[in-house]
Amino acid sequence: MSRNDFNRAWVLVAISFALLASAARADTFKAHVVSVTDGDTITVLKDDKVQVKIRLNQIDAPEIGQPFGQAAKKALSRLAFGKVVDIEASGLDKYGRTIGTVIVDGEIANYTMVKTGYAWA
């Protein structure tokens, strides 16, 4: 095995451990959606009465003041507001919001927002 092959192997091992550690930190929980900020951000109330702001993972939607921002917020509200959802949290964004996949009635809200044209991936 050459030195370059050895170094590549160690890099792959390190990346594998990083991915496993990231997956191990993922948190899944149920919560009640108490507010919708915009087309890609909700606030939920966990069973322990702690509010958590959730940024829907891997999508982006227009801000409230941008064209279609209100429509995106209404679409996410129709989909999730007032419901108990499953959150698959994958970390925090630079604003301290939990990044997560939101599952409503067995449907992935992140995907639905993109599929219906209110957000993009």
Side-chain angles (χ1 to χ4, degrees):
M1 182 191 287
S2 74
R3 186 174 201 66
N4 285 339
D5 290 337
F6 182 78
N7 288 339
R8 281 189 205 111
W10 274 109
V11 168
L12 289 174
V13 168
I15 290 171
S16 297
F17 277 118
L19 289 173
L20 287 172
S22 173
R25 286 193 304 263
D27 183 25
T28 301
F29 59 92
K30 285 190 179 301
H32 186 88
V33 179
V34 294
S35 80
V36 176
T37 305
D38 56 24
D40 56 26
T41 308
I42 62 175
T43 300
V44 298
L45 185 63
K46 294 173 67 173
D47 288 340
D48 59 4
K49 306 300 181 208
V50 172
Q51 282 193 4
V52 181
K53 191 163 274 215
I54 307 292
R55 172 71 164 77
L56 276 66
N57 193 22
Q58 297 184 349
I59 73 166
D60 195 18
E63 301 304 322
I64 293 300
Q66 295 177 327
F68 303 102
Q70 287 290 340
K73 177 181 178 178
K74 287 178 185 176
L76 186 54
S77 293
R78 283 191 303 271
L79 184 63
F81 181 73
K83 296 184 180 179
V84 175
V85 299
D86 292 303
I87 307 289
E88 294 176 0
S90 59
L92 298 175
D93 70 5
K94 64 182 179 179
Y95 302 108
R97 300 174 296 189
T98 297
I99 300 168
T101 299
V102 177
I103 302 166
V104 184
D105 299 328
E107 184 177 349
I108 299 172
N110 311 47
Y111 173 73
T112 300
M113 291 298 290
V114 172
K115 181 175 80 172
T116 56
Y118 291 105
W120 52 93

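Positions are given from 1 along the sequence.
Residue Ile99 holds its CD1 atom at 11.0 Å from NZ of Lys94, rounded to the nearest 0.5 Å.
In terms of heavy-atom proximity, Ala109 sits nearest to Leu79 at CB-CD2, 3.5 Å. Closest approach of Lys73 and Thr37 over heavy atoms only: CD-O, 3.7 Å. Heavy atoms only, all atoms of each residue included: Phe81 and Val33 are closest at CA-CG1, 3.9 Å.
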Problem set entry | From CA spacing to verdict: side chain to side chain contact (heavy atoms under 4.5 Å, CB included), Ile108, Val102 | CA-CA 6 Å; Ile108 299 172; Val102 177; over 6 Å; no

For this session: Decide side chain to side chain contact (heavy atoms under 4.5 Å, CB included) for Thr98 and Leu92; before the verdict, give the C-alpha distance in whole Å, the side-chain angles of both, and the deciding distance to 0.1 Å.
Result: CA-CA 5 Å; Thr98 297; Leu92 298 175; 3.8 Å; yes

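Hydrophobic cluster membership is shared by Phe29 and Val104, with clusters built from Ile, Leu, Val, Met, Phe, Trp and Tyr side chains linked at under 4.5 angstrom.
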Under 3.5 Å, sequence neighbours excluded: what are the donor-acceptor pairs made by side chains of residues 114-121?
residue : atom : partner : partner atom : Å
Thr116  : OG1  : Thr112  : O            : 2.7
Thr116  : OG1  : Met113  : O            : 3.4

Donor-acceptor contacts under 3.5 Å from residues 52-65 side chains, at least two apart:
residue : atom : partner : partner atom : Å
Arg55   : NH1  : Ile59   : O            : 2.7
Arg55   : NH2  : Ile59   : O            : 3.4
Arg55   : NH2  : Asp60   : OD1          : 3.3

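Remark: Tyr111 OH is loosely packed, at most 12 non-hydrogen atoms of other residues, nucleotides or ligands lying under 6.0 Å away. For Lys83, the NZ atom sits in a packed shell: over 12 heavy atoms of surrounding residues, nucleotides or ligands are nearer than 6.0 Å. With a 6.0 Å radius and a threshold of 12 heavy atoms from other residues, nucleotides or ligands, Asp48 has its CG atom above the threshold.
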